[in-house]
Amino acid sequence: GAVVSQHPSRVICKSGTSVKIECRSLDFQATTMFWYRQFPKQSLMLMATSNEGSKATYEQGVEKDKFLINHASLTLSTLTVTSAHPEDSSFYICSARGPKGLNQPQHFGDGTRLSIL
Amino acid sequence: AQKVTQAQTEISVVEKEDVTLDCVYETRDTTYYLFWYKQPPSGELVFLIRRNSFDEQNEISGRYSWNFQKSTSSFNFTITASQVVDSAVYFCALRNTGGFKTIFGAGTRLFVKA
């Protein structure tokens, strides 16, 4: 089945650093990728949607300059949390969908647990 | 304003029982999408279904079925003959087609006991 690899699975870093999370589709072309954030007590939020070669479309209330998303190829999207602070600590999840449009299922990565000290 | 309510915080059933997870939504939009996702204890999300607001047909996929009732703004999810592997948190979500906002419910944690 379709596999999405997300890396790293866990990262701990100091406040003020920037952190990059990678999301790769291993066996299919991901024309659309999604980035989610899961807060403590399980609440989920879609952060942005990106189509390969285009700028990401951010959800209302998500800071574009804070969460930089790049989808430069059909198999890779990256989320960079810039100048991370403790409140950015969260579980970040990527998802990818293939080229046949909205009826295609989404495939999820295993998530990245980000802890900012 | 958009809202998704999953009133059942936790449900516990015994294997082979049928269980229905409720999802009630609020939106002023006439076109929108509804979703269900599963998050097992391992943490990875699993996409289950996406439904367009124009398509009110119920859907069945194996032991899973979804009942979309526009009149009551509900999109309920039923698992027939539940299994231990169905134990997970299930999220319902709503996305309007006009703006850029997807709203998730708080999730329902399902425990299926052997």
Side-chain angles (χ1 to χ4, degrees), chain A residues 1-7 9-10 23 25 28 30 32-51 54-64 67 69 90-98 100-114, chain B residues 1-6 8-11 21 23 27 29 31-55 57 59 61-62 64 66 87-111:
Chain A
V3 176
V4 173
S5 173
Q6 189 172 339
H7 179 81
S9 57
R10 185 176 187 96
C23 180
S25 59
F28 68 102
T32 305
M33 285 189 165
F34 308 84
W35 286 94
Y36 298 80
R37 180 175 177 179
Q38 187 165 31
F39 296 89
K41 298 184 181 180
Q42 79 197 21
S43 172
L44 270 170
M45 178 182 82
L46 173 64
M47 300 174 68
T49 302
S50 70
N51 292 300
S54 303
K55 287 185 179 179
T57 301
Y58 289 81
E59 296 286 290
Q60 290 174 18
V62 176
E63 297 177 64
K64 300 177 185 182
F67 300 100
I69 292 171
S90 204
F91 190 53
Y92 293 87
I93 307 168
C94 77
S95 171
R97 188 173 67 203
K100 292 184 180 177
L102 297 176
N103 290 326
Q104 290 293 298
Q106 289 177 245
H107 305 283
F108 287 86
D110 289 341
T112 297
R113 190 160 299 282
L114 174 63
Chain B
Q2 296 190 125
K3 188 178 179 182
V4 175
T5 302
Q6 293 181 257
Q8 304 148 309
T9 306
E10 287 187 2
I11 302 176
L21 309 182
C23 174
T27 181
D29 292 330
T31 58
Y32 47 89
Y33 296 101
L34 295 163
F35 304 81
W36 275 95
Y37 299 88
K38 172 183 179 180
Q39 189 172 37
S42 52
E44 81 281 8
L45 278 169
V46 177
F47 168 87
L48 296 178
I49 190 171
R50 171 184 170 276
R51 176 49 52 88
N52 185 306
S53 57
F54 288 123
D55 182 3
Q57 274 195 323
E59 175 135 354
S61 177
Y64 295 169
W66 290 269
S87 297
V89 179
Y90 290 87
F91 293 95
C92 178
L94 164 72
R95 179 172 183 81
N96 66 341
T97 53
F100 298 110
K101 192 67 180 175
T102 297
I103 303 294
F104 283 84
T108 296
R109 186 177 296 276
L110 174 65
F111 295 99

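Order of the sequence lines sets the chain letters (A, B, ...), proteins ahead of strands, with each chain counted from 1. Worth saying up front: this structure is predicted, and the values here are computed from it rather than measured.
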Let me know if A:Leu46 has heavy atoms under 4.5 Å from chain B in its side chain, its backbone, both or neither. both

Atom CG of A:Asp110 and atom CG of B:Leu45: how far apart are they, to the nearest 0.5 Å? 10.5 Å

Among the options B:Asn52, B:Ile103, B:Val46, pick out the one with the most heavy-atom pairs lying under 4.5 Å from chain A. B:Val46

Between B:Glu44 and A:Gln6, is any pair of side-chain heavy atoms under 4.5 Å apart? no

So which part of A:Gln38 gets closer than 4.5 Å to some heavy atom of chain B, the side chain, the backbone, both or neither? side chain

Tightest non-hydrogen contact, residues B:Gln39 and A:Ile93, listed as NE2-CD1, 4.3 Å

Is the count of non-hydrogen atoms from other residues, nucleotides or ligands lying under 6.0 Å from B:Glu10 atom CD greater than 12? yes

Minimal non-hydrogen separation, B:Arg95 against A:Glu59, with atom names: NH1-OE2, 2.8 Å

Tell me, side chain or backbone of A:Tyr58 under 4.5 Å from chain B's heavy atoms, or both, or neither? backbone

Do A:Arg97 and B:Phe47 touch side chain to side chain, with heavy atoms closer than 4.5 Å? no

